[in-house]
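Structure record follows, encoded as structure tokens.
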Protein chains: 2
Amino acid sequence: MKTLKIPEATIIRLSVYSRYMAQIKRKGIVTISSGEIARGVGVSSAQVRKDLAYFGEFGTRGVGYNVGELYGYLMKILGLTTQWKLVIVGAGKLGSALAMYGGFAERGFKVVGIFDNDPRKIGQKLDNLEIMDISQLPKIVEANEAKIGIIAVPAEEAQEVTNILIKNGLKAILNFSPRVLSVPDDVVLRNVDLSVNLEILSFYLDAQKR
Amino acid sequence: MKTLKIPEATIIRLSVYSRYMAQIKRKGIVTISSGEIARGVGVSSAQVRKDLAYFGEFGTRGVGYNVGELYGYLMKILGLTTQWKLVIVGAGKLGSALAMYGGFAERGFKVVGIFDNDPRKIGQKLDNLEIMDISQLPKIVEANEAKIGIIAVPAEEAQEVTNILIKNGLKAILNFSPRVLSVPDDVVLRNVDLSVNLEILSFYLDAQKR
DNA sequence: GGATGTGAAAGTGTTCACAGCC
DNA sequence: GGCTGTGAACACTTTCACATCC
């Protein structure tokens, strides 16, 4: 395998391809071409082949890709053959919804704890998960070997919570707060900013009128 | 104003700048340089200046930018001087949380309706909003002049719901379902895929071990 | 024949570095 | 002197087009 710098956009598409392959696999289709994948997920066929080429040669010339095999390769590339444990900090509307969201389990992520600092919330149940005081976080992270933390607290508390997560050895953070966070180089950070997404729509809607 | 093609990454950053300016403004700071903005949001100062230069000359050489003015320009560029009305389809965990999420109102977005097709959910209240049958959507969209639709239904129903939204004249769609949607050219679509984001973290976490 | 894998070309976005202005 | 605004250089990503192989 060559060690090139892989574009982040490629990783995003690989995740999309993998889900598309799961869908195709369920239909019982055995073979698929880059062109068919491309049409299914809305990119070019060359793009599909280039993305896959970063990681190896998975297809057969003149034929295409074996659906089951390709799915397996994609899951392995994405690191989804092991189950990742994650914790959520912030048990407001968003944090609670994320804790109960079924989509994570489907792809092998397991929520092992949700934390808050509001005494009125501590002890409440979300499905099978009890909201715990943030002071319990170190114990839960260690016991479950959680590696991913989700931040669903208000902007003002986001950096503080981030520091706690990092101190407890978490190496990946998904930030839902509308605040730019600083993290050390060895921690992966992704921002899912709901307002930013609406504002992008606003920009293009408004632009249509100009 | 020049009409260049503006990178989408620029729009995302403008949204981030605008929120940072709101924060700075609250502190009572009057003037700020591109370098200070850059440090605050984690980009380069040249990037800040280039992004702004697409839309005009807002600063004063040797001095910097007036915080209040720049904030106003950014809000105008982003189309946030008018209030956008939006509807949410899907009143599951995620849709319900979004309906009650305070962050939207803060930036001038108003949820005017939430819809589902599950009879058990119809009539239930989320804060002041009653969950309605999807058949009521056309009426609500028209009465409120809603322009934005949020999709929070399972993957299988996502394209169908999208078609309904488009038929009712919505021009912008925020898709939370893990499905690639097709929309006409005049409809703006953004995807917020929670699992994709976790899978990107998974990829980089796994890569650390290699 | 047909679809992959891949260098080369085109296109897009970011950084550099400095002229211009306060 | 200091900071903006911007053309030019650079870096990165996508598309093209075709040799390669089943």
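Per chain, numbering begins at 1; letters A, B, ... match sequence-line order.
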Take A:S45 and A:R39 through the test side chain to side chain donor-acceptor pair (under 3.5 Å) and record every step on the way to the result.
-> CA-CA 8 Å; A:S45 66; A:R39 246 169 288 126; over 6 Å; no

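- Within 6.0 Å of atom CD in B:Q136, more than 12 heavy atoms from other residues, nucleotides or ligands are found, so the atom counts as buried in its surroundings.
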B/S/- contact track for nucleotides 17-22 of chain C, protein heavy atom under 4.0 Å | B-BBBB

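- Between A:Q23 and the options A:R19, A:M21, A:R26, a side chain to side chain contact (heavy atoms under 4.5 Å, CB included) holds for only A:R26.
- Between the B:N175 side chain and the B:R190 main chain, no donor and acceptor come within less than 3.5 Å of each other.
- One interatomic measurement links the two molecules: CG of B:L70 to P of D:dT4, which rounds to 11 Å at whole-angstrom precision.
- Distance from the side chain of B:E57 is smallest for D:dT6 among the nucleotides D:dT6, C:dG5, C:dT14.
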Applying side chain to side chain donor-acceptor pair (under 3.5 Å), run through A:R49 and A:S34 and close with a yes or a no.
-> CA-CA 6 Å; A:R49 296 197 298 278; A:S34 59; 3.0 Å; yes

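- One can place CD of B:Q47 at 15 Å from P of D:dG5, the figure rounded to the nearest angstrom.
- The distance from atom CZ of B:R13 to atom P of C:dG13 is 10 Å, rounded to the nearest whole Å.
- In this structure, the NZ atom of A:K50 is 15 Å from the P atom of C:dA10, given to the nearest Å.
- A salt bridge links B:R107 with A:E199: the closest approach of a Lys/Arg side-chain nitrogen to an acidic carboxylate oxygen falls below 4.0 angstrom.
- Taking atom NZ on B:K5 and atom C1' on C:dA10, their separation rounds to 15 Å, with Å as the unit.
- Sorted by residue number, the list of members of residues 14-41 of chain B with any non-hydrogen atom under 4.0 Å from DNA chain C is empty.
- For B:Y65, the side-chain atoms get nearest to D:dT4 when compared with the rest of D:dT6, D:dT15, D:dT4.
- Straight-line distance from the CG atom of A:L52 to the C1' atom of C:dT6: 13 Å, rounded to whole Å.
- With hydrogens and angles disregarded, a donor-acceptor distance shorter than 3.5 Å links the side chain of B:S202 to the backbone of A:G79.
- Atom pair A:F55:CZ and C:dT6:C1' shows a separation of 16 Å (rounding to whole Å applied).
- Regarding A:I11, its CD1 atom lies at a distance of 11 Å from the P atom of D:dT14, rounded to whole Å.
- A ring-centre distance under 6.0 Å is found for B:F58 and B:Y73.
- The closest donor-acceptor contact from the side chain of A:Q83 to the backbone of A:K110 lies at 3.5 Å or more, if one exists at all.
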